[in-house]
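These notes concern the structure reproduced below.
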Amino acid sequence: MSAPVNTFKQALIKGDRLIGCWSSFGEAITAEIMGTAGFDWLVIDGEHAPNDIRSIRDQLMALAASPTHPVVRVPVGDTALIKMVLDIGAQTILVPMVNSAEQAQELVRACRYPPDGLRGVGAGAARATGYGSFSDYIQTADEQICLLVQVENRAGMAALDNILKVEGVDGVFIGPADLSTDMGHQGNSAAPEVQATIADAIKRIKAAGKAPGILGTNDEASQAYMDMGAQFLAVGIDVMLLTQAARALAAKWKAK
């Protein structure tokens, strides 16, 4: 039996627009709840959320029965960490702060088995292989892994065209908060200079045949990024959704 088909990757190849959300609680039950909401994809955030390899695994398990595709953001592009995340069953990896083509090439190698890569061959008893039930996993896994790299500062933008030439990079995700801060706007991604940079990057990513992605944390930003041509667009963060709804509800009834 071959590795499971990565439906998220196939949708990106077809050019479909995919709407997603961030999962930042670090808990399986909230990931399971978010999986019922109808999003195409959900980021299990290992960079800024309180996650470890076990909590990421548990959230993958919680989303297994959901049509929502899990995207795992690792905290850093470390080969050993990527190996662990792949072995627990992630098929789509998001790597922050990619600033060069050389770094992107190493990430591709980390996601592939030899001879094209350097992923350790030890998944026979891991969740990725259905605990050994996918007999042809090692022969077929590479094709089903989707690698998304984040470009989120001036160095990454300067290297973007070279990053886009790297075979095996399936999509480029722009980090508007980090980018705007690095550009001197302290997280103000709505600044005209930042918006122009994002629009230009999305255009270049699409022209290179890769999928452009981004996160909008309000309707105005999400609509702007959709209009720019973002293909995989996250439109919220679960923690923010809860805090905003809870504070609005409390304020509404305390004001009566």
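These figures come from a predicted structure and were not determined experimentally. Sequence positions, counted from 1, serve as the residue numbers for this chain. FYI, side chains are in, hydrogens and waters are out, and symmetry mates aren't considered; it's all heavy atoms of this structure.
Between Pro212 and Lys206, the shortest heavy-atom contact is CG-CG, 3.4 Å. When all heavy atoms of Gly216 and Ala221 are compared, the pair lying nearest together is CA-CB, 4.2 Å. Ser55 approaches Pro50 most closely through the heavy-atom pair OG-O, 4.4 Å. Of all the heavy atoms in Pro96 and Pro75, the pair that sits closest is CG-O, 3.5 Å. Shortest non-hydrogen contact noted between Leu81 and Asp78 is N-OD2, 2.9 Å. Heavy atoms only, all atoms of each residue included: Ala126 and Thr129 are closest at O-OG1, 3.1 Å.
For the pair Asn6 (side chain) and Gln91 (backbone), a donor-acceptor distance under 3.5 Å is present. A distance-only check finds a donor-acceptor pair linking the side chain of Lys9 to the backbone of Ile145 [under 3.5 Å]. Proximity of a side-chain donor or acceptor of Thr79 to a complementary backbone N or O of Ala110 within less than 3.5 Å is not detected. Of the possible polar contacts, none joining the Ser189 side chain to the Pro176 backbone as a donor-acceptor pair under 3.5 Å is found. Judged purely by atom type and a 3.5 angstrom limit, Gln103 uses its side chain to pair as donor or acceptor with the backbone of Met97. Checked by atom type and distance alone, the side chain of Arg73 never pairs as donor or acceptor with a backbone atom of Val43 at under 3.5 Å. The backbone N or O of Phe173 sits nowhere less than 3.5 Å from a side-chain atom of Gln150 that would complete a donor-acceptor pair. Between the side chain of Asp170 and the backbone N or O of Leu147, at least one donor-acceptor pair lies under 3.5 Å.
With contacts defined as side-chain heavy-atom distances shorter than 4.5 Å, the pair Leu233/Ile214 qualifies. Looking at heavy atoms from C-beta onward, Val98 lies out of side-chain contact with Val172 at the 4.5 angstrom threshold. At least one side-chain heavy atom of Leu148 sits under 4.5 Å from a side-chain heavy atom of Phe232. Between Met34 and Thr68 the shortest side-chain heavy-atom distance does not fall below 4.5 Å. Taking the side chain as every heavy atom from C-beta outward, Asn153 and Asp178 never approach each other to under 4.5 Å. Side chains of Pro70 and Gln59 form no contact here, defined as non-hydrogen atoms less than 4.5 Å apart.
Taking CG from Leu42 and OG1 from Thr92, the interatomic distance works out to 12.0 Å, rounded to the nearest 0.5 Å. A distance of 11.5 Å separates CG of Leu118 from CZ of Arg112, quoted to the nearest 0.5 Å. Distance check, rounded to the nearest 0.5 Å: CD of Glu27 to CG of Asn51 gives 8.5 Å. Rounding to the nearest 0.5 Å gives a distance of 10.5 Å between OG of Ser180 and CD of Glu152. Rounding to the nearest 0.5 angstrom, the gap separating the CD1 atom in Ile44 from the CG atom in Leu94 is 11.5 Å.
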Using atom types as modelled, flag every donor-acceptor pair under 3.5 Å from a side chain in residues 243-256 to any protein atom, sequence neighbours excluded.
residue	atom	partner	partner atom	Å
Thr243	OG1	Val239	O	3.1
Thr243	OG1	Met240	O	3.0

Which pairs would a plain distance check flag for residues 160-167, meaning a side-chain donor or acceptor within less than 3.5 Å of a matching protein atom at least two apart in sequence or in another chain?
residue	atom	partner	partner atom	Å
Asp161	OD1	Arg204	NE	3.2
Asp161	OD1	Arg204	NH2	3.3

With a 3.5 Å cut-off and sequence neighbours excluded, list the donor-acceptor pairs that the side chains of residues 12-24 form with protein atoms.
residue	atom	partner	partner atom	Å
Arg17	NE	Ala230	O	3.3
Arg17	NH2	Met226	O	3.2
Trp22	NE1	Asp45	OD2	3.2

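Within the structure, every pair that satisfies the ring pair (Phe, Tyr, Trp, His ring centres under 6.0 Å) test and touches residues 45-73, not counting sequence neighbours, is listed here: Phe8-His69. The salt bridge (charged side-chain N to carboxylate O under 4.0 Å, His left out) pairs that include a residue from residues 118-142 are Asp87-Arg119, where partners are two or more places apart or lie in different chains. Sorted by first and then second residue, the salt bridge (charged side-chain N to carboxylate O under 4.0 Å, His left out) pairs with a member in residues 94-109 read Glu106-Arg109; sequence neighbours excluded. Within the structure, no pair that satisfies the ring pair (Phe, Tyr, Trp, His ring centres under 6.0 Å) test touches residues 192-225, not counting sequence neighbours.
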Practice task
Test Leu60 against Val72 for side-chain contact (heavy atoms from CB on, under 4.5 Å), laying out the working first.
Solution key: CA-CA 9 Å; Leu60 290 171; Val72 175; 4.1 Å; yes
Practice task
Show your working on side-chain contact (heavy atoms from CB on, under 4.5 Å) between Ile174 and Ile205 and close with a plain yes or no.
Solution key: CA-CA 10 Å; Ile174 300 166; Ile205 295 164; 4.2 Å; yes
Exercise for the section: Could you give me the CA-CA distance, side-chain angles and deciding distance for Gln195 and Ile198, then say whether side-chain contact (heavy atoms from CB on, under 4.5 Å) is met? Expected result: CA-CA 5 Å; Gln195 289 289 295; Ile198 292 172; 4.2 Å; yes
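Phe39 is not connected to Ile237 by any chain of hydrophobic side-chain contacts under 4.5 Å among Ile, Leu, Val, Met, Phe, Trp and Tyr, and they are in different clusters. Met61 and Phe25 are not part of a single hydrophobic cluster, where members link through side-chain heavy atoms under 4.5 Å apart. Connection of Ile53 to Ile82 is established within a shared hydrophobic cluster, with ILVMFWY side chains joined at heavy-atom distances below 4.5 Å, either directly or through further cluster members. Hydrophobic cluster membership is shared by Leu86 and Ile56, with clusters built from Ile, Leu, Val, Met, Phe, Trp and Tyr side chains linked at under 4.5 angstrom. In this structure, Ile202 is not a member of the same hydrophobic cluster as Leu215, with clusters built from ILVMFWY side-chain heavy atoms closer than 4.5 Å.
Take Glu32 and apply the side-chain contact (heavy atoms from CB on, under 4.5 Å) test, not counting sequence neighbours, and it matches Ala62. With sequence neighbours excluded, the residues that form a side-chain hydrogen bond (donor to acceptor under 3.5 Å, both in side chains) with Gln223 are Asp227. Judged as a side-chain contact (heavy atoms from CB on, under 4.5 Å), and not counting sequence neighbours, the contacts of Ala191 are His185, Asn188, Val194.
Cluster partners of Tyr113, by chain and number: Met1, Val121, Phe134, Tyr137, Ile138. The rule joins Ile, Leu, Val, Met, Phe, Trp and Tyr whenever side-chain heavy atoms lie under 4.5 Å apart. If you chain together ILVMFWY residues whose side-chain heavy atoms come under 4.5 Å of each other, Val5 ends up in a group of its own.
More than 12 non-hydrogen atoms from other residues, nucleotides or ligands lie less than 6.0 angstrom from CG of Asp52. Heavy atoms from other residues, nucleotides or ligands lying under 6.0 Å from CD of Gln139 number more than 12. Taking a 6.0 Å sphere around CG of Leu242, one finds it holds more than 12 heavy atoms contributed by other residues, nucleotides or ligands.
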